[in-house]
Amino acid sequence: MSIFTDLAHQYIDGEWLAGTGSWDIIDVNPYNGEKLAAITVATVEQVDRAYRAAERAQRDWAATSPYARRAVLERALRIAEERQKEIVEVMIDELGGTRPKAEYEVHLAMEFLREAIRLAVRPEGRILPSTVTGKENRVQRLPVGVVAVISPFNFPLLVTLKSVAPALALGNAVVIKPNQNAPVSGGGIIARIFEDAGLPAGLLNVLVTDIAEIGDAILTHPVPKVISFAGSDRTGRHVGAVAARHFKRTVLELSGNSALVVLDDADVDYAVDAAVFSRFVFQGQVCMAANRILVDASVAEEFTEKFTARVRALKTGDPREADTHIGPLINSFQADALTALVDRAVESGATALVRGATRGNLVEPTVLAGLPEDSPLLGQEIFGPVALLVVFDGEDEAVRLANATPYGLSGAVHTRDVERGVRFAQRVETGMIHVNDSTIGDEPLAAFGGEKDSGLGRLGGEATVEAFTTQKWISIQHGRTTFPF
């Protein structure tokens with residue numbers, strides 16, 4: 001496709017360039033194996049060039065009127081809206097997600113872009129009282145400078161824009177390193193939109209590369225002040241540790257092991273609907289996906305029968321076909337690893353209520369039950385279409401099981417008593433939890449982020465302003481201070 005040919009490049013200081021490394025990242029359609037593009041990797045020298053360009057451009061951008069910055073973002077939104085259909089097609093090919101998934105992601109990305117437009121004129125200063133007679137304290141909110149955004153493959157457009165758009169609106173410059181499996185959806189498309197919107201050169205840069213080429217240069221370079229990373233907790237630990245050694249702030253959106261809890265008074269049919277979506281949207285390659293489905297013993301038989309029937313009816317296949325629910329996993333490594341994970345679980349005594357086959361990158365859904373409570377599978381993130389059913393006896397046990405994981409990103413609880421659901425939600429150790437809904441949700445004004453090993457920091461609403469600005473105290477002595485010597 002021509003769009004991959006056009007956008008599968010480095011974007012540095014307003015220029016579309018070839019990487020200067022010695023090898024290529026191959027962008028592949030995960031469903032049919034079609035080669036979409038070959039992108040020569042960026043080198044450490046190009047990392048430096050991108051950061052230096054961002055540093056230079058950011059000074060003038062920070063001094064630009066917030067209304068002028070807002071106008072650029074408004075144009076970017078109009079362009080993105082005009083190109084929605086094209087973007088959806090690119091994402092289906094590059095990510096292997098179904099059309100509804102791609103359309104949902106694009107729609108939500110536009111909502112976050114709209115909120116970023118508002119943020120451009122939002123930061124305000126404050127005048128604070130002083131303990132010293134005659135003194136005035138002013139606190140200004142200023143852009144941090146340059147922000148590095150390292151984004152994932154599963155929701156590359158949405159997750160990248162969640163950081164890029166507000167960072168730019170607030171007066172920063174940005175360097176994006178998209179995931180190697182989504183260089184166009186998470187990089188090239190965004191750069192082209194802002195380029196066509198008139199964003200000055202250097203303010204947004206895209207580096208398609210790999211640590212095998214550049215090591216930690218994205219993290220250790222002296223220019224970026226904030227690192228916004230979304231990905232696995234394993235990589236996130238490294239990002240956080242390296243950033244801390246270089247006194248850089250981080251926003252880390254990491255792995256999850258969400259529990260969807262069905263209490264004894266739940267609407268079972270509705271809970272089944274929510275559970276099927278929560279576990280199997282985008283093949284389960286979602287950090288908020290319901291890895292574990294916890295069901296009260298009093299409704300377990302009914303729920304299990306209806307849930308497994310729904311899962312068996314899910315169609316796995318070509319994501320471009322309208323009746324496909326589950327497309328391919330992102331690559332063969334993930335498909336093989338997930339298949340081996342299920343095989344080991346069954347060998348260790350788990351019961352496969354539904355056992356899906358693997359055909360290349362297509363992995364049909366599986367439902368496992370009867371896992372022992374100490375099973376490692378219950379404590380880890382499963383990035384694929386595998387659901388774990390766990391039966392509990394009473395609300396206290398449900399809370400204990402929901403919290404029996406090192407992660408705490410999202411969750412859901414189903415009950416006919418809303419306030420009971422809220423009380424239950426308050427007891428679960430997680431950054432986000434939804435009463436009578438899916439475990440998967442994101443909104444521009446809500447603080448998105450996790451507890452425990454699921455990350456640090458938040459994005460959304462006020463949290464976004466905190467993430468991409470800093471505060472400066474300027475005091476003014478209108479009288480005369482009396483000094484002790």
Side-chain angles (χ1 to χ4, degrees), residues 47 144 146-164 166-167 174-183 186-187 207-221 224-259 282 284-289 291 330-331 333-334 337 376 379-384 403 405-411 429-432 439-440 442 447-460 463-464 466-468:
V47 171
V144 294
V146 176
V147 176
V149 178
I150 306 173
S151 58
F153 76 83
N154 55 350
F155 283 86
L157 180 73
L158 170 62
V159 174
T160 307
L161 270 178
K162 279 178 64 175
S163 291
V164 169
V174 178
V175 173
I176 303 170
K177 182 199 170 296
N179 187 279
Q180 294 93 316
N181 293 294
L207 297 168
V208 182
T209 190
D210 186 89
I211 59 171
E213 178 69 33
I214 64 167
D216 285 333
I218 291 282
L219 308 176
T220 60
H221 196 282
K225 304 304 180 186
V226 173
I227 312 291
S228 179
F229 170 83
S232 72
D233 61 305
R234 179 180 178 181
T235 304
R237 287 176 187 275
H238 178 74
V239 171
V242 173
R245 286 198 298 270
H246 291 80
F247 296 98
K248 298 178 188 295
R249 197 190 306 173
T250 56
V251 180
L252 304 176
E253 179 199 321
L254 309 181
S255 304
N257 184 21
S258 302
F282 192 44
Q285 299 173 124
V286 183
C287 56
M288 296 173 282
N291 274 16
I330 194 65
N331 54 45
F333 175 82
Q334 296 294 336
Q380 71 185 73
E381 180 178 56
I382 303 173
F383 229 52
N403 290 334
T405 173
Y407 301 107
L409 184 60
S410 187
E429 299 161 353
T430 185
M432 306 170 288
T439 60
I440 297 170
D442 200 355
F448 185 105
E451 297 294 330
K452 301 193 283 189
D453 290 1
S454 287
L456 293 171
R458 298 288 189 271
L459 289 177
T464 301
E466 289 290 337
F468 300 128

> What's the verdict on side-chain hydrogen bond (donor to acceptor under 3.5 Å, both in side chains) for Ser258 and Thr439, showing C-alpha distance, side-chain angles and the deciding distance?
Replying inline: CA-CA 7 Å; Ser258 302; Thr439 60; 5.0 Å; no

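- Considering CD1 of Ile211 and CD of Gln180, their distance stands at 8.5 Å, rounded to 0.5 Å.
- Within the structure, the side-chain hydrogen bond (donor to acceptor under 3.5 Å, both in side chains) test picks out the following pairs touching residues 236-248 (sequence neighbours left out): Asp216-His238, Arg237-Asp453.
- Counting only heavy atoms from C-beta outward, the side chains of Phe229 and Thr250 never approach each other to under 4.5 Å.
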Q | Asn154/Phe383 under side-chain contact (heavy atoms from CB on, under 4.5 Å): CA gap, chis, key distance, verdict | A | CA-CA 10 Å; Asn154 55 350; Phe383 229 52; 3.6 Å; yes

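- In this structure, Leu459 and Ser228 approach most closely via the heavy-atom pair CD1-OG, 4.3 Å.
- Atom OH of Tyr407 and atom CD of Gln380 lie 7.5 Å apart (nearest 0.5 Å).
- Although no hydrogens or angles enter the test, the distance criterion places a donor-acceptor pair under 3.5 Å between the side chain of Glu381 and the main chain of Gly256.
- The heavy-atom pair separating Pro178 from Ala182 by the smallest distance is CB-O, 3.9 Å.
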Mind running side-chain contact (heavy atoms from CB on, under 4.5 Å) on Asp442 and Lys162 for me, showing each step along the way? CA-CA 10 Å; Asp442 200 355; Lys162 279 178 64 175; 2.8 Å; yes

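- Put simply, CD on Glu451 and CG on Leu456 are 9.0 Å apart, with the number rounded to the nearest 0.5 Å.
- In this structure, the separation between CG on Leu409 and NZ on Lys452 is 11.5 Å, given to the nearest 0.5 Å.
- The closest side-chain heavy-atom distance from Val286 to Phe155 is below 4.5 Å.
- Residues Ser163 and Val174 form no side-chain contact, since every pair of their non-hydrogen atoms from C-beta on lies 4.5 Å or further apart.
- Between atom CD1 of residue Ile382 and atom CG of residue Asn257 there is a gap of 7.0 Å, rounded to the nearest 0.5 Å.
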